[in-house]
Amino acid sequence: MEACISHVQPKQDTIWIASCPEHSIPNFDKTRCSPNILTVSETAAREIVGVVVSFRVSFLVCFQMAIRQPAVAEHRVEANDTFPSFWIWIGLCFGLVAFLMIIGKDLYVGNVEVEFITTTERNRIDDEFIFEEQILIIGNNKLAMNVAKIEKNSLREFDLNWDLQRHTVWGHINTSRTDLIRLREGNVYGQMWFVGSNCTEPPLEAVQNVFEQIDTIKRLIDQHRQDLSLATSVAELEAAIGLEKIGSLIAVKGGNAINSKLGLLRTLYALGVRCMSLASEQNCCSWVDSAIVDSLDIGAAEMRRDLAIWGRMVVWEMNRLGMIVDLSYGSYGVALDVLRYSRAPVIFSNAGAYAINRHHFNVKEDVLIPLATQGGLIMISFDPKILGGYTIDNVLEHLNYLREVIGPDHIGIGSGFEGFDGAIDGLEDVSKFPNLFAALAKGQYSDGESFPAWSKEELQKLAGLNFLRVFHEVERAKEELSHEKPFEDDGSDDINKKLLIACSIAVVITICAIVVPITVVNSYDDAPITRKFAGRDVLDEVPLIDGHNDLPFSIYLVERNLINNFNLDSNLKEHPVWSVENRTHTDLPRLRKGKLGAQFWVAYIRCADTQYKDAVARTLEQIDVTKRIIRKYPNDMKYADSADGIMEAFREKKLASLIAVEGGHSIDSRLAVLRLFYELGVRYLTLTHSCNTPWADASPVDDIQPAPVPPSQLNNLSAWGRHVVWEMNRLGMMVDISHVSYGVMRDVLQHSRAPVIFSHSSAHGVFQHHRNVQDDILRELARKRGIVMVNFYPLFVGGNTIDDVIMHLNHIRAITGIDSIGLGGDYNGVEVTPEGLEDVSKYPDLFDMLANGVMRSGEKFTAWSREDLQKLAGLNLLRVFREVESIRDMLVDEDPYEDLIPYEEFERANVADQPCMTDMDIHKN
């Protein structure tokens, strides 16, 4: 047992070794002592006493001998004998004293650094956050994987009790953040040690490596049994904490460790593994997708597996065994599937909030909600890439957001130390956890900005009580499932076939690994110089999705929607009628040249002509003509009404053609019409055009010429307007807030349950036009995972060249980051287009300029990377579209909104007396 030693008394001599908290901390529980302050073993205490006594005795002996020297020297002289002088003895004594002082300077007692804590120091501890009341359990540390990599699983020349920061090898490793010294400073009471292998390793070798690492971590725990204790249950974890040891759980990173064998899963459990992440950083398994598929965001349904049927068996067997299911590194689809099928709470051991940083390892809000509902847990990573920054404030932002969304009962600390390069300022290693809890208790970011401080109870839950609860519930599920038989693998014949296939694939991969590099190397001499990356190449890799084209309205204006004799597959610039139409920006030859992959065709009718009249009927006609145009050119165009539909058309090298409605006046303030539009294939609705509706203001109310509308006269988004937004969320229709007022933008971003879009808008910070988007709205849009698709119209851009458009793109990228930008050229909807972007054929030129980082004027800017351009082209819109579809699927059990728009909203809009609505009376009740 360890003792809380406040002082040691050899005989009557007293020396303070460490201050027991009970002397300085009010209401301190005397049964527990914080390891970083005073935990000292009784053996170590006896060693301290021995050193102190030896120091005292040595000093007294030297002093007495020095006093005796004159007499002794006199005797020796009389005997004609030589003897060291008095001063030599004094020198020897001082040397002994200095030696003892030097070796005692950094003395470690019972593996804890001894400090002489003064009254001033104890007062400092009183003033700081008292951390010893927290049971800190960390969810993710990959030390064992580093030991395998660096020490080759050998512990002969490795000691966790060393200060690895100063080690000749480990001190130079960017991922080295863990040793016992720093674990004690960090007050860690529990740790999940992850073992795992790379996806590049052959399956059987990966399994072997995992088993070796399990052996290594067990040996490491045994080697430091005074400080570490293996825990395979809640009871054992609590027992280790009671002994003030670090309860050590073993976890496995990646389902590839079981080689698609449930028998191996059971073997891991028998060896003490109590947690496994289903996926890894890369796709390793045939039965589960890694989050890497979400980062690409171009996989169609057949390219994604999510959680396969056999993967469900893995989850169910883990539930039966009592093994925690870890969703870290799994795809968005996997997370939703597991939350649907798991019979016990699950965790994310190393993740963050997607709303704070849109990294594919982070967790989206529509996953967080069911995670919390089922009693699960997200444990925050300290990886700067996952957090989106390198300061402790980034961690605080994730934690505060999660507390707001799912409450304090479902959050823990994961850290992920030893698994990433770089470090968080203020959370550099495992010793710095107290800094985080101090900041949370104080309620203040490093820059002085405040947030609601975390209570003592909330911090206790965050530190470890939440994890203990989840672990306990997983064990309880195990007890409830104890009557079930183990899930079994396929028959032996199938296993042999699969093994034969796996071996054949391994042989092919091995041959390729040998032959391909040789071929490549031998071709170097004759290889041409690699050409510079061209931005237009991206348009062959991902679909270029334009958010807004008014061709259907042009067909109405010119052809009156009579298209039997209209040929879109011709150069309309040379057509006798279309050539004089200023809006002739689109035809199939130019669409091909522009490398368009998908286009939202807008069913638009003028609000000034049709609102409160025949807007619905006219809009239906525009939907009809759009569909007929698509059907007329089946070799070039393919109707699409989903994100997967876009990708299907792209693979077929056809233009994915989607339908949008521009202007809320087209639904005539009727939710039934909105639902019918969705059934007809409409996938976004712009809430207003340039006219106000009774339930939403249009952007002209913000115009400063001659004067903006007074705030008292603004409706913004009315209460019924929120119903429109919510019904669109339920249907899976994207909410478009181009054309709306600033107030409506703000209200929609607040109330929408899905990401929203600006289908064709630009940056107000570059050119102050009421149709453009202000910077604060851009920031909120990015936080809510939406997208602004940049308009090319010179009147909105503030210039008539391609350079002016690029200025808007660069500004928005600087404000929102790259994940919230797209393109909505507004072709065929404007009279004038910019020089360099005259029509739909010019998109490749824009992408080339962005990749080169040089404007036509010669001005340089930060070039856009290939990944940036892929997101700009279409991946960002695909992400938003898929999230909108996901919210739709989550809301499938909700009833449609049926409330009629109140008569008061017609009155407030000054349209209560308009004659064309024959059922106005029903809105009065």
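Since we're looking at a predicted model, the values are computed, not measured. Both backbone and side-chain heavy atoms feed into the values below; hydrogens, waters and symmetry mates do not.
Minimum interatomic distance between Val430 and Val188 (heavy atoms only, all atoms of both residues): O-CG2, 4.4 Å. Scanning all heavy atoms of the two residues, the minimum distance from Ala453 to Ala441 falls at CB-O, 3.3 Å. The shortest heavy-atom contact between Ala291 and Phe361 is CB-CD2, 3.7 Å.
With hydrogens and angles disregarded, a donor-acceptor distance shorter than 3.5 Å links the side chain of Thr373 to the backbone of Ile369. Judged purely by atom type and a 3.5 angstrom limit, Arg722 has no side-chain atom pairing as donor or acceptor with the backbone of Leu717. In this structure a side-chain-to-backbone donor-acceptor pair under 3.5 Å is present from Asn466 to Ile411. The backbone N or O of Ile821 sits nowhere less than 3.5 Å from a side-chain atom of Lys871 that would complete a donor-acceptor pair. Asp393 places a side-chain N or O within donor-acceptor distance of the main-chain N or O of Ser446, the cut-off being under 3.5 Å. In this structure, the side chain of Glu883 does not engage the main chain of Val880 through any donor-acceptor pair within 3.5 Å. No donor-acceptor pair closer than 3.5 Å links the side chain of Ser752 to the backbone N or O of Val748. Judged by distance alone, the side chain of His224 and the main-chain N or O of Leu160 form a donor-acceptor pair under 3.5 Å. Without hydrogens or angle criteria, His751 side chain to Val725 main chain gives no donor-acceptor distance under 3.5 Å. The backbone N or O of Arg746 lies less than 3.5 Å from no partner atom in the side chain of Gln750, so there is not a single donor-acceptor pair.
Annotation: Lys364, atom NZ; neighbour count of heavy atoms from other residues, nucleotides and ligands within 6.0 Å is above 12.
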**OP:** Apply the test side chain to side chain contact (heavy atoms under 4.5 Å, CB included) to residues Leu427 and Val395: give CA-CA distance (whole Å), side-chain angles for both, the deciding distance (0.1 Å), then the verdict.
**Re:** CA-CA 9 Å; Leu427 293 172; Val395 180; 3.7 Å; yes

Inset, instruction - Would you check, one step at a time, whether the test ring pair (Phe, Tyr, Trp, His ring centres under 6.0 Å) holds for Phe437 with Trp454? - result: CA-CA 9 Å; Phe437 282 76; Trp454 289 51; 8.5 Å; no

Just do the side chain to side chain contact (heavy atoms under 4.5 Å, CB included) check on Phe194 and Val252 with the steps written out, would you? CA-CA 5 Å; Phe194 269 77; Val252 170; 5.9 Å; no

Side chain to side chain contact (heavy atoms under 4.5 Å, CB included) between His398 and Asn362, intermediate numbers included
CA-CA 10 Å; His398 282 260; Asn362 287 337; 4.2 Å; yes

Derivation of the side chain to side chain donor-acceptor pair (under 3.5 Å) call for Asp294 and Ser331
CA-CA 6 Å; Asp294 297 329; Ser331 72; 4.7 Å; no

Evaluate Val147 against Gln213 for side chain to side chain contact (heavy atoms under 4.5 Å, CB included), listing each step before the verdict. CA-CA 8 Å; Val147 172; Gln213 290 175 37; over 6 Å; no

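With values rounded to the nearest 0.5 angstrom, Glu244 atom CD is found 11.5 Å from Ile246 atom CD1. Once rounded to the nearest 0.5 Å, the distance linking CD1 of Ile818 with CD of Glu867 reads 8.5 Å. With rounding to the nearest 0.5 angstrom, the CD1 atom of Ile150 is 4.5 Å from the CG atom of Asn146. The CD atom of Gln191 lies 6.0 Å from the OG atom of Ser415; values are rounded to the nearest 0.5 Å. Atom NE2 of residue His764 and atom OH of residue Tyr742 lie 10.5 Å apart, to the nearest 0.5 angstrom. One finds the SG atom of Cys275 at 8.5 Å from the CE atom of Met323 (value rounded to the nearest 0.5 Å).
Thr391 and Asp425 share no side-chain donor-acceptor pair at under 3.5 Å. Counting only N and O atoms by type, the side chains of Tyr445 and Asn394 include no donor and acceptor under 3.5 Å apart. With hydrogens and angles left out, the side-chain atoms of Asp429 and Ser431 include a donor and acceptor closer than 3.5 Å. Residues Ser277 and Asp326 bring no donor and acceptor atom of their side chains to less than 3.5 Å of each other. For the residue pair Glu365 and Tyr401, a side-chain donor N or O sits within less than 3.5 Å of a side-chain acceptor on the partner. With 3.5 Å as the limit, one finds a donor-acceptor pair spanning the side chains of His811 and Asp775. Between the side chains of Thr178 and Glu418, at least one donor N or O lies within less than 3.5 Å of an accepting N or O. Donor-acceptor pairing under 3.5 Å is lacking for the side chains of Asn350 and Ser328.
Phe417 is not listed as a side-chain neighbour of Leu143, based on a closest heavy-atom distance of 4.5 Å or more. Between Phe467 and Leu462, every side-chain heavy-atom pair lies at or beyond the 4.5 Å cut-off. In this structure the side chain of Tyr189 reaches within 4.5 angstrom of the side chain of Ile241, judged on heavy atoms. The shortest distance between side-chain heavy atoms of Gln374 and Leu339 falls below 4.5 Å. Leu781 places none of its side-chain heavy atoms less than 4.5 Å from the side chain of Ile787. Using a 4.5 Å heavy-atom threshold, the side chains of Pro384 and Ile424 count as touching. Within the 4.5 Å cutoff, side-chain heavy atoms of Val788 are placed close to those of Ile812. The shortest side-chain heavy-atom distance between Leu368 and Ile378 falls under the 4.5 Å cut-off.
A salt bridge is defined here as a Lys NZ or Arg NE, NH1 or NH2 lying under 4.0 Å from an Asp or Glu carboxylate O, and Lys253 with Glu281 meets this definition. Comment: Arg785 does not engage Asp819 in a salt bridge, judged by the lack of any side-chain N to carboxylate O separation of less than 4.0 angstrom. One finds no salt bridge joining Asp776 and Arg779 here, because no Lys/Arg side-chain nitrogen approaches an Asp/Glu carboxylate oxygen to under 4.0 Å. Residues Arg177 and Glu428 are not paired through a salt bridge, judged by the lack of any N-O separation under 4.0 Å between the basic side chain and the carboxylate. Taking a cutoff of 4.0 Å between a charged side-chain nitrogen and a carboxylate oxygen, Arg184 and Asp227 qualify as a salt bridge. Arg783 and Glu780 are joined by a salt bridge, as a carboxylate oxygen and a charged side-chain nitrogen come within less than 4.0 angstrom of each other.
Ring orientation note: the planes of Trp170 and Phe158 are tilted relative to one another, at an angle of 30° to 60°.
Between Pro345 and the options Glu473, His472, His410, a side chain to side chain contact (heavy atoms under 4.5 Å, CB included) holds for only Glu473.
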